[in-house]
Structures are given as C-alpha cells and as structure tokens.
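The structure under discussion appears below in the form of structure tokens.
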Amino acid sequence: MARLVVVSNRVPLPSERGAKAGGLAVALADALRPGSLWFGWSGRRSNRGTATTHVQRSDSITYATVDLTEADYNAFYVNFSNGALWPLLHFRMGLLEFHAEDYAGYRSVNRQFAASLKPLLQPDDLIWVHDYHLIPMAMELRALGVGNRIGFFLHTPFVPPQVFQALPRSGELLAALAAYDVVGFHTAAYRTAFLDCASDCLGVTPRPNGSFAFRSRTVQTIVDPIGIDADGFAAQAATAVRSPEARALRESLAGKLLAIGVDRLDYSKGLSNRFVAIGRFFGNYPEHRRQISFLQVAARSREDQHAYQRLRRELDRIVGETNGRYSEFDWTPLRYMTRAVKRETLAGFFRLARVAVVTPLRDGMNLVAKEYIAAQDPDDPGVLILSKFAGAADEMSAALIVNPYDSDEIAETMHRALTMSLEERRERWQTLHAVVATNTAERFCHVFLSHLARAERHVDRPPLRAIS
Ligand code: GDG
C-alpha cells in the first residue's frame, strides 16, 4: 500500500498537543497509518528558515518540519494567506489586502517547502496537501520533477468568479490548483464555484463528473465533506460531563440552562452579530432572563493582524454593553472567554448545553456543529442553531437554520429552541446524529484517498514549469 504524505501549513507536533489539539490532527487520525509522513511549518520563526528540516517520530509517524524566517512568516502567512486569501475565500473583499511582495513571499515559501519535501519523498507516495496556504505546492513539486499523485483539500469555501477575480494574479492560483490530480471541497457549491472560475480563467471545459483537462493532464474535483470521530467524541463527552470543570460549570448555573458557542476568534464566525442577537434575545424575551446563561468560548487567533485586533475590541464592547444592561448581581447573561479550553472539557460543556449557537457569516464546514450533535445525551438532547452559510448546513438541515446577519432571527430562534418539546428535540437530534455518525472523519479520508489512489502517475512526463 502506498505511503501517505500529508502536507499542511502547521504540523500538529506530538510534543505540542494540548489545549489546541483538534482540527486536522483529529480528522486525519485514521488515515495516518504507521509509516506515514507529515510535513509543514514548525510554527517557529528563525533566521535559518527552511534551510534545516527537523524530523521527529511518534507512534510510527514521521513529522518533518521547517521554520520560517520573520520576513517569510509576514509575507506568506500573515499578509498573503491570512490577509488576502482568507478574507477573499470568505466573501470579505473589503478586508482583502493585496501587496505584490506578499504574493512573492507566498510563492517563495511554497517553492521552499517543495524543495525541502522532495528529498523525503518515495516514488509511490500519495501526497495530500491541505488548505489555502499551500495552493502552489503541487506546481512547485512538479517543477522539481515529482511525478507522484498529489491531492489538495480546501478547508474554506470557494467563491464565484466575480469574487475570486478581485484578487490580483488569481489566474495563477487557478493554474496552480490545476497541477493537482484531485482537488476536494466540502460542498457541491464550492466545487461549482471553482469550476466556474477555472472555465472563465483557464478556458477549461468541465466534464459532468467534475474532472477537466488542463495542460494535457486531468484534474478530478470532488465533493468530500469533512467529519469527526462521532463515536469517540460522544464517549469523551459522556465521561467529561462528570469532570471537575463540567461540574463547576453546572454548579455555577444553579439549575438554570446553558447555551454555548465555541469558535476561533475570527471575523468569519459571526460573533458580533451573535452577541447582538443575545442582547435582543434577553430584551425581546424577558422570561428567559435568569433562566439561561450563554457561554462563548472564543480562543484567540491571528492576533498579529489588525482585522482581528479590531474584532476583539468590538466584541469586548458588545459583551460589556449586553452584560451591563441585563446582568443581575447574581446572574450574568453572557460569559465570554478568549482562552482555549481542553478538547475533552469542551466535549463535556457541549453535553451540558441545551442550545448551541453556530452562526458563522461564512464557514467552509464548521466542525463545532458536528461536535455538539455528537456530544448530546440521546435521551435529552440539545438544539443546534446553525447558519445557512456554514458548509455544515448542507448536511445538517434538521438543525434550526438561520441567517447569521439577522440578529432578530437568531434571537427568535433561540426562544424557539428553548421552548421546543422533548419529542421534537429528539427527532431533530436523531436525524442530525445519523448524518454526523455516517459522514465521519474516517469516511472523509477514505473518499479522498481512494480518488487520489485512482489518479494516474506522471513518471515519464516532463516537469511542469512553475509560473514565475
Ligand atoms: C477550518 C474551516 C472547517 C475551538 N475552540 C477550541 C477548540 N476548538 C476546536 C473546535 C473544532 C475546531 O477547533 C474548529 O473547527 P471549525 O470547523 O469550527 O473551524 P476552523 O478552525 O475555522 O477550521 C472550517 C475546518 O477547517 C475543517 O475543514 O470546518 O470551516 O474554517 O474542532 O472544537 N478546541 C479546543 N479548545 C478551544 O478553545 N481544544
């Protein structure tokens, strides 16, 4: 069986697992058989940059990482990946900041990564690259003569041509994506948007199965929604609900209900509108005052970017206003923490919560929605309120679906969730649980890797020239 090589911007090093373990590491756990290799950035900045590859082994998996220089970190990671691509792919053109030198840094880091990875590769390896930081990886590897099968999965949404083309040099990124054998998306809409961009910009003609030919190679696009280990997370939640942290949270509620939100502190997650909605909820439905508290865990992220600093100030202000207005001396409507919480503790908190409010303005998938459902007590499950602009809404239509821009609708839906009969809660949960327990992380990996394994190898082809 071919060896799996995973490439992602951050590598979840075994030595660093802690509060933040989750995301990709959990999603890929089943695919990472003994012998697999995981390559990417160490998370460190140093003068040596990518010149040295650090290798460590744990549970028969090899982790190979490189550092970034301060200049590469700023251009590649902070400015282009997170300051241009992230807002663009979340339909936030107003936040897009493009500077040619940042794009050059992005291209250069991808080239350096390819050069560092190449000596570690074996001819039959299946290479699976993740996310928007590394779009040009396959093209750079091909330029070095790597003929392996290379797949790419995009964890964010993809946007229609009118939006994508706002990014200078966007055509180059599309051509770079066409150097992969398989390109995967969470939803059919994202794939369609990508194919529309490829048709417009590269002049390709997609076939009904989602593949297209470009520069005499075939690119297969697939829809492959990411999932979670639903059984594992449910077991963790059932245990963690008795943990000291969950017990302390329950005691602090003094018999009242809990609503929960858990998100990275990011403008795509719709936190401002959600906090405004919580104020409207307590304003419009005073019968719920003192009866429920909302806990928002919003782990800080990308703190060196202005847009995130602005967001944090705005959230501090709304939380202050809401709590100032509705708090009693012995009751706080909105509990807000910007520290990360351990994964198992979160599982216990999800199980305690009667309602989860997951209202991103845009989200590739949103795993919190799936984790909340997996964590519920089947006899007394809570209610999921979910944004129609999360990829998860495609599969999870039995949730209470809302427009995340409409704070009044969110408030009204919170009232509906809190007054829902046990019977309806159970019915909705059963439907949602069936989805989450079927479309798991394991299935996600299996679907992607079976497509990749079927792709043609390119041993005898001349190397693809990288776009300069
Ligand atoms: C990207 C896409 C797509 C959150 N706070 C804490 C914590 N978390 C965990 C959650 C969940 C994960 O982080 C977040 O995943 P999401 O899917 O919600 O969002 P992104 O981080 O933006 O991920 C997204 C995903 O990739 C996968 O493809 O779904 O659309 O944007 O697992 O539970 N974990 C811990 N402490 C926290 O405080 N331990």
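FYI, the numbering just counts along the sequence from 1. Counting starts at 1 for both ligands and their atoms, in listed order.
Where the criterion is an N or O separation shorter than 3.5 Å, residue side chain and backbone included, His155 meets it with respect to ligand 1. Residue Trp86 has no nitrogen or oxygen atom sitting less than 3.5 Å from a nitrogen or oxygen atom of ligand 1, judged on distance alone. No N or O atom of Phe153 sits closer than 3.5 Å to an N or O atom of ligand 1. Residue Gly364 has at least one N or O atom closer than 3.5 Å to an N or O atom of ligand 1. Checked against a 3.5 angstrom limit, the closest N/O atoms of Asp263 and ligand 1 fall outside it. Here's the thing with His186: one of its N/O atoms is less than 3.5 angstrom from an N/O atom of ligand 1. Geometrically, ligand 1 and Lys269 share a nitrogen or oxygen pair separated by less than 3.5 Å.
Less than 6.0 angstrom separates the ring centroid of Phe164 from the ring centroid of Phe158. Annotation: Phe444 is in aromatic contact with Phe153 [ring centroid separation under 6.0 Å].
For CZ of Arg33, the number of neighbouring non-hydrogen atoms (other residues, nucleotides, ligands) closer than 6.0 Å is 12 at most.
Among Leu367, Val262, Asp363, the residue whose heavy atom sits closest to atom 30 (O) of ligand 1 is Asp363. For atom 37 (C) of ligand 1, the nearest non-hydrogen atom from the set Thr345, Ile226, Val341 belongs to Val341.
Those atoms of ligand 1 that come under 4.0 Å of a heavy atom in Leu346, given as number and element, are 6 (C), 7 (C), 33 (O), 34 (N), 35 (C), 36 (N), 37 (C). Within the listing of ligand 1, atoms 20 (P), 21 (O), 22 (O) sit less than 4.0 angstrom from a heavy atom of Arg264. Annotation for ligand 1: atoms under 4.0 Å from non-hydrogen atoms of Val297 are 38 (O). In the vicinity of Arg343, heavy-atom distances shorter than 4.0 Å reach the ligand 1 atoms 32 (O), 33 (O), 39 (N).
Residues meeting the salt bridge (Lys or Arg N to Asp or Glu O under 4.0 Å) test with Asp196, sequence neighbours left out: none.
Salt bridge absent: Asp67 and Arg45 never bring a charged side-chain N and a carboxylate O closer than 4.0 Å. One finds a salt bridge joining Arg317 and Glu321 here, because a Lys/Arg side-chain nitrogen approaches an Asp/Glu carboxylate oxygen to under 4.0 Å.
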Less than 3.5 Å apart, which donor and acceptor atoms pair up between the side chains of residues 356-364 and the rest of the protein, not counting sequence neighbours?
residue, atom, partner, partner atom, Å
Thr359, OG1, Arg274, NE, 2.8
Thr359, OG1, Arg274, NH2, 3.4
Asp363, OD1, Lys269, NZ, 3.2
Asp363, OD2, Lys269, NZ, 3.0
Asp363, OD2, Asn366, ND2, 2.8

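Contact between Phe349 and ligand 1 is absent, with no heavy atom of the residue lying under 4.0 Å from the ligand. Using 4.0 Å as the threshold, Val368 has a heavy atom nearer than that to some atom of ligand 1.
Under 3.5 Å, the side chains of Gln165 and Ser170 contain no donor-acceptor pair of N or O atoms.
To the nearest 0.5 Å, the span separating CG on Leu126 from CG on Asp181 amounts to 9.5 Å.
Note that Arg169 lies outside the cation-pi zone of Tyr103, set by a 6.0 Å cut-off to the ring centre and a 45° limit from the axis.
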